[in-house]
Each structure stands twice: as C-alpha cells, then as structure tokens.
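See structure below.
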Protein chains: 2
Amino acid sequence: MLKMTKQRTLLLDYLKKSTKPLSAEMVYLKLPQGSMNLSTIYRSLEAFEVAGLVDKTNLGNLAYYKIRSHEHKHYLVCKNCHKMIEIDCHVDSFLEVETKKHHFKVESHDLTVYGYCEKCQTLA
Amino acid sequence: MLKMTKQRTLLLDYLKKSTKPLSAEMVYLKLPQGSMNLSTIYRSLEAFEVAGLVDKTNLGNLAYYKIRSHEHKHYLVCKNCHKMIEIDCHVDSFLEVETKKHHFKVESHDLTVYGYCEKCQTLA
DNA sequence: ATCCTTGCAAATTGTTTGCATTTAC
DNA sequence: GTAAATGCAAACAATTTGCAAGGAT
C-alpha cells in the first residue's frame, strides 16, 4: 500500500532529479539535514524497489538507487574519480541466446565497466 | 614478492579446484577448520588479486574470487537458490564502440544476470 | 482505528587493521 | 636476518532491526 509520507515524497523527488544512481548516504547528505533519518532512507528505497519505482544496483561495496526508467542503461565507472558515464544497453540480443540454452528466466541484469575516464587517463 | 606459505598454498589449491567464484567465507568454511584465519584469507585473496592470480567481482554485498583464466566469463545468478551458471562473454564488440565515444579506457567489466534457474522457476 | 512509517540506538554483516609472533626467502 | 605473513581481537563501513511514538489512509 506504500503510504506517501513527507519523507518519501522528498526522497522520490530528489531521485527524480538525478540522472545517475545514488547511494543511500549520498541522498542523506543532500537532503535538508534532519529531514530524514538514514535508516528511513534505506527502508524507503527498499519499499520503492519492491514497488518497482527504483532500481537497485551494487557497485563495489555500495548499493546505488535510481528511478526506474524505460530505457535501460549501464555505466562506465572511473576507477580514479568515480565519475559514472551512462551508456546504452546492448546486451539483450546475445543474452536471449545464452539464457535460453540454460532455460534461465531473466529478471534483470547489471553491466558495469571499470576503467579511466578521459580526464583521469593522463594522471593515473 | 608474494611468499608461498602453507595457508596460501591451501587457499590457492582450493580456488583452482573451483570453477565458480567463491566468497571469502565460503572458502573459510570449506578449508580444514583451524587451517587458516578468515582475515588471512582476505589478505591472501587481496594479495593474489594484486599479483593477477585471481579476479575479484562483487555480487550484491559480497565479494567473490576466482582463479584468473584466459576466457572471460559471466554468470546467470539464481535469485532463489543462488546457483551460478557460467556463460560466455560477448560484450567486447559493442563495448568498444561505446567506450570509444567517451574516450574511456576500459580496464575490466562485470556482467551479471539475475533471474531464476530452471529448477527454481517452477517453485518461485 | 488500523496498520504503515518514522527516529533512534543497537545489532548484524562483510571486510579491514594494529600489533606481537612466526615463517619464507 | 629481514621483510612479509599470520592469528587474534578490535575497528570499520554499509546496512538492518527492534521498539515505542507518530502519521497516512
């Protein structure tokens, strides 16, 4: 039944404004201080995920959340500055073949590319 | 200089026998009890990774390690029984195009597919 | 009125670290 | 002999949980 509280509205609005996945703590630090407890953020994000409003993805040891959108994207993640560059998803075609072989019912997938962005290549 | 100790030999041998990625704790529970401390496992896995002997990959909130092999693989992970099914990697071709656009220097990538294996589809 | 959500603090989980001792080279 | 590896316990970071109080439906 997902009740819409002051906090959840705040959180959802903030997520909507972001094009990139955000961790719970990133959101926590950006919201007006005292407006929402960190554990409430975790609980709400989880509720949103169950409700299909947001997608969760794990990068390294952190969970990131992003408003669910029609187009499925992936990210190039810079190992130096942690910048995330969005790229289009092109894996469905070959995935279909591979998963059929194993009679696997796909629910979702994550593709993350690690490396160095243009700026950090020269430095690192 | 990566010294080969009794523990590291044990660990490396165990990893070699496994075709699937293993978490530190999975290894810990499988090795003869008392043969190796959990923190030593973490430290050794990290050393192996730096030395290029193993690959580390994060699935969910867990780190998994696997002996590095020539062929790069990905996994279909069952959301119910956590079985991991190996599939071939076919992402390089389109990745090349996408990363060139952004002048991104790729170091590695992870693709993980979540869903339900044949056995668990009927149940879940 | 009921059941869901919140805040807070405490618990859990996965992983890392400091330090004194042991071991490979 | 020396620098690196180990075990243990304690520290950490991210996330989860229990519970009493507050709020949406």
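Just so it is clear: chains get the letters A, B, ... in the order the sequence lines come, proteins before strands, and each one is counted from 1.
Classification of A:Lys101 and A:Glu98 as a salt-bridged pair holds, one side-chain N sitting under 4.0 Å from a carboxylate O.
Side-chain N or O atoms of A:Arg8 include one that pairs as donor or acceptor with a backbone N or O of A:Lys3 at under 3.5 Å. Between the side chain of B:Glu49 and the backbone N or O of B:Asp55, no donor-acceptor pair lies under 3.5 Å. The main-chain N or O of B:Glu96 is found under 3.5 Å from a side-chain atom of B:Thr99 such that the two form a donor-acceptor pair. Between the side chain of B:Ser35 and the backbone N or O of B:Pro32, at least one donor-acceptor pair lies under 3.5 Å. The backbone N or O of A:Thr40 lies less than 3.5 Å from a partner atom in the side chain of A:Ser44, making a donor-acceptor pair. With hydrogens and angles ignored, the 3.5 Å screen pairs a side-chain donor or acceptor of A:Gln121 with a backbone N or O of A:Tyr116.
Near DNA chain C, defined here as any heavy-atom distance below 4.0 Å, the residues from residues 8-35 of chain B are B:Glu25, listed numerically. Within residues 53-67 of chain A, the residues having any heavy atom closer than 4.0 Å to DNA chain D are, in order of number, A:Asn61, A:Leu62, A:Ala63.
Within 6.0 Å of the NZ atom in A:Lys83, the count of heavy atoms belonging to other residues, nucleotides or ligands does not exceed 12. When the shell of 6.0 Å around CD of A:Glu71 is examined, it contains more than 12 heavy atoms from other residues, nucleotides or ligands.
Between A:Tyr42 and the phosphate of D:dT16, there is no side-chain N or O to OP1/OP2 separation shorter than 4.0 Å.
Computed from C1' positions of five pairs at each end, the angle between the two local axes of the helix from C:dT12-D:dA14 to C:dC25-D:dG1 equals 30°, rounded to 10 degrees.
With sequence neighbours left out, the salt bridge (Lys or Arg N to Asp or Glu O under 4.0 Å) criterion links A:Asp110 to no other residue.
Both A:Met84 and A:Leu45 belong to a single network of hydrophobic side chains, linked directly or stepwise wherever heavy atoms of I, L, V, M, F, W or Y lie under 4.5 Å apart.
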Using a cut-off of under 3.5 Å, enumerate the N/O to N/O pairs linking the protein to nucleotides 19-23 of chain D.
unit_1	atom_1	unit_2	atom_2	d
D:dG23	N2	A:Lys3	NZ	3.1

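For A:Leu45 and D:dT15, the CG to P distance is 10 Å, given to the nearest whole Å.
With A:His74 as the partner, the side-chain hydrogen bond (donor to acceptor under 3.5 Å, both in side chains) test is satisfied by one option alone out of A:His109, A:His90, A:Glu86: A:His109.
Note that CG of A:Leu53 and NZ of A:Lys66 are 13.5 Å apart. Values are rounded to the nearest 0.5 Å.
Note on A:Gln7: only backbone sugar-phosphate atoms sit closer than 4.0 angstrom, heavy atoms only; bases stay farther off.
Protein chain B contacts DNA chain C over a range whose 5' and 3' limits, counting nucleotides with an atom under 4.0 angstrom from a non-hydrogen atom, are C:dG14 to C:dC25.
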